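All ligand and atom numbering here is 1-based and tracks the order in the structure. All of these numbers come straight from a predicted model, not from anything done at the bench.
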Amino acid sequence: MSGFMKFVILVPCSFFLVALIKFLYDYLWIPLRIQHMLNSQGIKGPHYKFIYGNNDEATQMTKEALSKPMALTHDIFPRVQPHIYSCINRYGRNYLFWNGVRAELVISEPELVREILKNSEKTFPKRKPTIYLSKLLGNGLVTVEGEKWAKQRKLANYAFHGESLKNMTPAVIASVETMLEKWKGQEGKEIEVFNEFRLLTSEVISRTAFGSSYLEGEKVFAMLNKLSIIMSRNLYNTRIPLINKLWKPADMLESEELAKEIQYCVMKMVKKREDKVVNGEADSFGNDFLGLLVNAYHDSDKNNKLSMEDLVDECKTFYFAGQDTVNALLAWTVLLLAIHGDWQDKARREVIGIFGNQNPQPEGIAKLKTMTMIIYETLRLYGPPNGLPRRVAREVQLGKLVLPASIDILVQNIALHHDPHMWGDDVHLFKPERFAEGIAKATNYNAGAFCPFGLGPRNCVGMNFATMETKIVLSMILQRYTISLSPTYVHSPIPYITVQPQHGIQVILESLGNDA
Ligand code: HEM
């Protein structure tokens, strides 16, 4: 064989060999080493399967669990996260899951949860978002890191706290009034409230944060909703090396299209704000959240400046997070009140005692103790199910464990909230009295045991806004109607980013004759 021929054969062979060794190192050696390291510290879990990890089992179990409705109980954990439920029962509260080739340490021990979430800025930061999540939220506040996060968080804190919240009350009330106006004449008939609350919460976030109406954001909401469904069905999707670079599945193509379209719609809204100032119709970009963002986009100080891309992502984030979450909370609370007439009566007595037949006002809202207990208990039973994702930035000690750098962590809040060791044998019953003396007492001063809004620096920036909105909506309904569950209701909680009622929530309202 000539020297040239040897060269032609040997060079590609050596490349192939190096690539193969690297591939086996990444996809076999590293996972097995991590598995051994954690197993030897007592962390067990289903075994690593080459490339796919445990994703196929998780997908299969979820499909099966969701294939039919369930009895009307609140024991939803085995249904909405069957794989996690079965692993916790088998391997304990902390176990190792293989999301493809990524090691994911699932944690549901309150002390460790607290430590992770309190140190979410540096030691346990957020993960790089999956492709589908980045299409949904981009570099918005939920996913962004470091200095950019600090800058964006400051703006959001300002827009959704204290005085700003008080100023939003009239817009929330006006949106509820529009919904209630539509309900007039529907007494004794069936109303599907999940969809009603979808429109309402869309209207509320549009008016309060973006100074527009639901109609203006309608397209954005619909597209974000589609993106969140696509993301949920790809939650346990394995990324196969190379193939994912060469071929894009239909879901990916659709997500890219939707993300482009959303960007276009949001930029149009921003332009409208800017034009008002340019045309002299307004002397500032406004004091609402969109106004603050547009101001930051025009800021000449580069420390405060926001790029157009970040502005669009922040709008996407708040349109989505501000609507989807409260929509689900309201719907499940109404279901629980419809089933538990005693708590419905207690909540109504409290509302009438504080507001009479008048619209809610901020000072009174702060006094709604029974309603706060009901909201906490609803969030415990039907809170967001997918967990809080983090990663380990560098080798670190967590409790007694030593964790290797760059593995992922999943704080499993649904497991925490449905844990009988923490909440007792009646864990699946709706008992708001658990929270009669506050969260600290209910959790035995274990901050990590109940965190529907997260914990630590990355906790929910919209928490006060969400509870204020929920309390206003429920107060205004309870002032006017009794709620009972329609016999047509089918209990089928389904996990998207929030837990949603698959077939809606059908209730029957009877007027109390108090048209406030
Ligand atoms: C019932 C309603 C809500 C629930 C249960 C909820 C839940 C959560 C949770 C658990 C987190 C922490 C995520 C993590 O640690 O990885 C979070 C963060 C966040 N939430 Fe909410 N949320 C709600 C309403 C809202 C509303 C109304 C808004 C906007 C107005 C909002 C905007 C955000 C944002 C931007 C973050 C990220 C904060 C950061 O990382 O600095 N949320 N939410």
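Of the residues Thr130, Asp251, Thr59, the one that meets the side chain to side chain donor-acceptor pair (under 3.5 Å) test with Asn234 is Asp251. Among Thr470, Val204, Ile205, the one residue that satisfies the side chain to side chain contact (heavy atoms under 4.5 Å, CB included) test with Val172 is Val204.
Other residues, nucleotides and ligands contribute only 12 or fewer heavy atoms inside 6.0 Å of the NZ atom of Lys226.
The shortest N or O to N or O distance between Trp149 and ligand 1 is below 3.5 Å. Any N or O atom pair closer than 3.5 Å counts here, and Lys126 shares at least one such pair with ligand 1. Residue contacts with ligand 1: Arg153 is placed with a nitrogen or oxygen under 3.5 Å of a nitrogen or oxygen of the ligand (distance criterion only).
Listed by first then second residue, pairs satisfying ring-ring contact (aromatic ring centres under 6.0 Å, His included) with a partner in residues 303-324 read Phe160-Phe318, Phe210-Tyr319, Phe221-Tyr319, Phe289-Phe318, not counting sequence neighbours. Residue pairs satisfying the side-chain hydrogen bond (donor to acceptor under 3.5 Å, both in side chains) criterion with at least one member in residues 325-338, sequence neighbours excluded, are listed as follows: Gln323-Asn327. Note on residues 193-209: pairs passing salt bridge (Lys or Arg N to Asp or Glu O under 4.0 Å), not counting sequence neighbours, are Lys182-Glu196, Glu203-Arg207.
The closest side-chain heavy-atom distance from Leu416 to Met422 is not below 4.5 Å. Here the side chains of Lys151 and Asn303 are not in contact, with every heavy-atom distance at 4.5 Å or above. Side-chain contact between Ile375 and Phe435 is absent, with no heavy-atom pair separated by less than 4.5 Å. Between Leu155 and Tyr158, the closest side-chain pair of non-hydrogen atoms is not below 4.5 Å.
The distance from ligand 1 to the heavy atoms of Phe318 drops below 4.0 Å at these ligand atoms: 29 (C), 30 (C), 35 (C). With ligand atoms numbered from 1 in the order given, ligand 1 contributes 27 (C), 30 (C) to contacts under 4.0 Å with heavy atoms of Phe465. Applying the 4.0 Å criterion to heavy atoms of Asn459 picks out, from ligand 1, the atoms 38 (C).
Protein contacts to atom 21 (Fe) of ligand 1 involving N, O or S atoms at a distance below 2.8 Å are Cys460 SG.
Residue, atom and distance of the protein heavy atom nearest to atom 13 (C) of ligand 1 are Leu388 CD2, 3.8 Å. The nearest heavy-atom contact from the protein to atom 1 (C) of ligand 1 is Leu329 CD2, 3.6 Å. From the protein, the heavy atom lying nearest to atom 7 (C) of ligand 1 is Pro452 O, 3.4 Å. Among protein heavy atoms, the minimum distance from atom 12 (C) of ligand 1 is reached at Arg458 O, 3.6 Å.
Lys471 and Thr372 share a side-chain donor-acceptor pair at under 3.5 Å.
For Arg390, the heavy-atom gap to ligand 1 drops under 4.0 angstrom. Within the structure, the closest approach of Ala156 to ligand 1 does not fall below 4.0 Å when heavy atoms are considered.
Electrostatic pairing of Lys148 and Asp313 does not count as a salt bridge here, judged by no charged N lying under 4.0 Å from a carboxylate O.
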